[in-house]
Amino acid sequence: MLCLSLYVPVLDQSQAEFQCFESEGLPSELKSIFRLSLFIPSQEFSTYRQWRQKIVKAGDKDQDGQLDFEEFVHYLRDHEKKLRLVFRSLDKKNDGRIDAQEIMQSLRDLGVNISEQQAEKILKSMDKNGTMTIDWNEWRDYHLLHPAENIPEIILYWKHSTIFDVGENLIVPDEFTVEEIQTGMWWRHLVAGGGAGAVSRTCTAPLDRLKVLMQVHASRSNNMSIVGGFTHMLREGGWRSLWRGNGINVIKIGPESAIKFMAYEQIKRFIGSDQETLGIHERLVAGSLAGVIAQSSIYPMEVLKTRMALRKTGQYQGMLDCGKKMLLKEGVSAFYKGYVPNMLGIIPYAGIDLAVYETLKNAWLQRYATSSADPGVFVLLACGTISSTCGQLASYPLALVRTRMQAQASVEGAPQSSMSNLFKHIIKTEGAFGLYRGLAPNFMKVIPAVSISYVVYENLKLTLGVTSR
């Protein structure tokens, strides 16, 4: 059954149906129409623009950039088949109707928890006869001219984005739809995210180097403040010294993001998920394992970054010279110092990051999502910033111990301690507060890092021709 609807504009009103034809084939009076135009209210234009781009791309068989009537009808037939499959997947009871409980269960399977009241609001937007259930005709009529064609697209707004780069790249990787992977749009997102991360890290590099110095050198006897730390860096090496270690920190973005993305996709297949969007627990497992693989692959670069940040003027001629001297003096094992606490830090970071993000997301849905699932950019930035900050706070003691182990050979008189002994030594000599040295500059860089990342990311998306998600 093909349903074709034509619409006319109604200013500041909901779209009005002009005429509807239903038949097994095409009405004879429409056979002579060569082109079809849809006219809808101005407030619906953004949805129409997405829809038009999508159907032209999917239905334009002769690749002339236009959609004639036959191509449009062909697209509607294919789109209706996809909608039928989605309807059946939502119809858990197989009774030909979708109720509030079935909507709640389907979204819950994808990691989105909504209340029954929220599910009823979704139903009311599609329910024409007031039964508080949706049959196939109501479902089809509502979605036929809408660009979304599967349930995962509903929650794409809530994906963690690659733009949230605060210097500690331990977040669960972003997910991409099948269409994005097939069209190559995924690598453009990664390139845009990598470029945004590079600019963001460069802008906040002075705070990052100050954090490393405070983690390694600050103690009760050497109570380094933020102002005192910056003064020390400027006196020792001038203003250029503020960016020591930033080069290797930027270079490692590319391989780390690529390895993490590939590992994440393979782990998704290994755990047997055939969904485009994983549930919360699956994302945590897959994301943590992908993070371990990526961090293991580029960990020597992490050690080099710490050594370059701590170096004195004239100590090394560059990254290669630093690596060469480390290899000759300390051996290969020097490039994996602090590896264990670094790997252990991935789980609490990713776990708390996801948990806080889901809590904030559900709170927003319950209170504010009355007519749209689009939270807006400021809500996304706020949720991502808060969840990432909480994740860093939980894993920070492990990050501090990792940094001290990485720096042991470069600090004169420093004992070569294991992870457990270093924890005991810090607690004994400095107390629990000693595990959070350098936390202030670390948090100071979060908001500027996220803000800069977002601005650069959006501009790079435009340059690369990345479509909105």
Side-chain angles (χ1 to χ4, degrees), residues 1-8 10 13-27 30 36 38-41 43-44 47-48 50-52 54-55 58-59 72-157 177 274-277 365-366 369-374:
M1 179 71 69
L2 173 66
C3 176
L4 175 62
S5 299
L6 304 181
Y7 297 94
V8 294
V10 181
Q13 298 291 331
S14 60
Q15 58 188 22
E17 185 174 292
F18 177 65
Q19 193 169 6
C20 178
F21 300 94
E22 293 190 4
S23 70
E24 295 293 337
L26 285 175
L30 294 180
L36 174 69
L38 292 177
F39 299 92
I40 57 180
Q43 64 266 30
E44 301 284 346
T47 298
Y48 165 70
Q50 296 176 32
W51 169 83
R52 185 182 185 280
K54 191 164 187 175
I55 68 163
F72 176 71
V73 171
H74 184 270
Y75 167 80
L76 287 183
R77 292 183 189 276
D78 289 343
H79 191 53
E80 187 170 324
K81 291 177 183 178
K82 294 175 182 177
L83 290 176
R84 174 76 75 173
L85 292 175
V86 175
F87 181 84
R88 289 174 179 172
S89 69
L90 288 172
D91 184 15
K92 307 292 185 183
K93 302 174 184 176
N94 295 319
D95 59 357
R97 291 185 172 274
I98 300 172
D99 58 27
Q101 293 298 324
E102 289 170 322
I103 289 179
M104 293 171 62
Q105 180 61 47
S106 297
L107 291 181
R108 192 180 300 120
D109 292 341
L110 295 173
V112 178
N113 296 307
I114 63 174
S115 66
E116 186 172 356
Q117 291 78 11
Q118 189 65 43
E120 288 175 355
K121 289 181 180 179
I122 297 174
L123 277 175
K124 288 178 181 178
S125 66
M126 293 179 272
D127 182 24
K128 293 182 178 180
N129 53 18
T131 61
M132 290 305 294
T133 59
I134 307 168
D135 60 23
W136 160 242
N137 290 329
E138 292 171 324
W139 173 265
R140 180 198 59 197
D141 293 346
Y142 185 84
H143 291 96
L144 194 60
L145 296 181
H146 192 278
E149 62 187 26
N150 55 53
I151 294 301
E153 289 186 5
I154 296 175
I155 62 171
L156 275 178
Y157 288 118
T177 64
D274 56 356
Q275 302 180 60
E276 289 184 15
T277 304
L365 279 173
Q366 296 281 351
T370 56
S371 60
S372 173
D374 181 4

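Note that the structure is a prediction, hence the values are computed from the model and not measured.
- For N129, the side chain to side chain contact (heavy atoms under 4.5 Å, CB included) test picks out D127, T131, E138, with sequence neighbours left out.
- Residues D135 and R97 share a closest heavy-atom pair of CB-NH1, 3.9 Å.
- Closest approach of W136 and F87 over heavy atoms only: N-CZ, 3.6 Å.
- Remark: D99 pairs with K93 by the salt bridge (charged side-chain N to carboxylate O under 4.0 Å, His left out) rule, at least two apart or across chains.
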